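Below: one structure, written as structure tokens.
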Amino acid sequence: MRSVIQRVKRASVTVNGERVGNIAEGLLVLLAVGQDDGTEDLNWMIDKLVGLRIFEDQEAKMNRSVQDVGGEILMVSQFTLYGDCRKGKRPSFSTAAPPDQAKALFNQGVERARSYGLKVETGVFQAEMDVELVNNGPVTILLDSKKNF
């Protein structure tokens with residue numbers, strides 16, 4: 001499982017001109033599920049992103065989590081994080097999970113994040129989405145449950 005996590009002042013996702021997800025301060029999480037991912041990967045990923053201390057404390061040090069600051073999460077499914085561009089110019093997505101598997105794990109991830117008491121908004125799975133954000137910092141973190149990076 002892979003994610004790109006961005007600390008944001010605000011973020012939203014729109015599908016067909018309709019805003020379907022919107023958050024204030026918090027995290028925009030672009031999440032991809034790989035073929036070999038399961039519940040263990042999911043739990044690691046969600047627990048890690050909820051606990052990431054990337055918000056500033058009173059001394060301007062990154063020492064607080066999204067939970068600590070009362071932040072929100074906008075989680076958007078993005079299989080393209082598994083794009084492999086090592087050969088040729090066209091990415092291969094052969095290691096991304098099939099849609100049914102990805103959707104099930106993505107939805108479980110949303111529920112796990114909500115179980116921490118956080119407001120979690122989402123995009124629409126497999127839809128063409130417009131994502132807008134105001135990156136705070138900017139702070140962008142890459143996570144991979146298989147620890148490839």
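As the structure is a prediction and not an experimental result, all values here were calculated from the model.
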Side chain to side chain, [X] and [Y], heavy atoms closer than 4.5 Å:
{"X": "Thr122", "Y": "Val76", "answer": "no"}
{"X": "Pro99", "Y": "Gln126", "answer": "yes"}
{"X": "Ile141", "Y": "Ile54", "answer": "yes"}

Do Val110 and Leu105 belong together in a cluster built from hydrophobic side chains that touch within less than 4.5 Å? yes
In terms of hydrophobic clustering (I, L, V, M, F, W, Y; side-chain heavy atoms under 4.5 Å; direct or indirect links), are Ile5 and Met62 co-clustered?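 Hydrophobic grouping puts Ile5 with Met62.
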Pairs flagged by side chain to side chain donor-acceptor pair (under 3.5 Å) wherever residues 100-111 is involved - sequence neighbours left out: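 Those involving residues 100-111 are Glu111-Arg114.
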Which residues pass the side-chain contact (heavy atoms from CB on, under 4.5 Å) test with Leu142, sequence neighbours left out?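 Checked Leu142 against side-chain contact (heavy atoms from CB on, under 4.5 Å); matches are Val4, Phe149.
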With sequence neighbours excluded, tell me which residues meet side-chain contact (heavy atoms from CB on, under 4.5 Å) with Gln67.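 Val50, Ser65, Tyr116, Leu118.
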Salt bridge (charged side-chain N to carboxylate O under 4.0 Å, His left out) partners of [range], not counting sequence neighbours, each pair once:
{"range": "residues 73-82", "value": "none"}
{"range": "residues 81-95", "value": "Asp84-Arg86"}
{"range": "residues 60-70", "value": "none"}
{"range": "residues 132-149", "value": "Arg2-Asp144, Asp37-Lys146, Asp41-Lys146"}

Enumerate, atom names and distances included, each donor-acceptor pair closer than 3.5 Å involving a side-chain atom of residues 8-36, sequence neighbours excluded.
from	atom 1	to	atom 2	distance (Å)
Gln35	NE2	Ser94	O	2.5

Excluding sequence neighbours, so at least two apart, what forms side-chain hydrogen bond (donor to acceptor under 3.5 Å, both in side chains) with Glu128?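 With sequence neighbours excluded, Glu128 shows a side-chain hydrogen bond (donor to acceptor under 3.5 Å, both in side chains) to no residue whatsoever.
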Suppose we screen for side-chain hydrogen bond (donor to acceptor under 3.5 Å, both in side chains). Which residues come up paired with Asp130, at least two apart in sequence or across chains?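 If we apply the side-chain hydrogen bond (donor to acceptor under 3.5 Å, both in side chains) test to Asp130, skipping adjacent residues, there are no hits.
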Considering all heavy atoms of both residues, which atom of Ser77 and which atom of Phe106 are nearest to each other, and what is their separation? N-CE1, 3.5 Å
With sequence neighbours left out, write down each residue that passes salt bridge (Lys or Arg N to Asp or Glu O under 4.0 Å) with Arg7, or none if nothing qualifies.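 Applying salt bridge (Lys or Arg N to Asp or Glu O under 4.0 Å) to Arg7 gives none.
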ring-ring contact (aromatic ring centres under 6.0 Å, His included) with Phe79: which residues, sequence neighbours excluded? Phe93
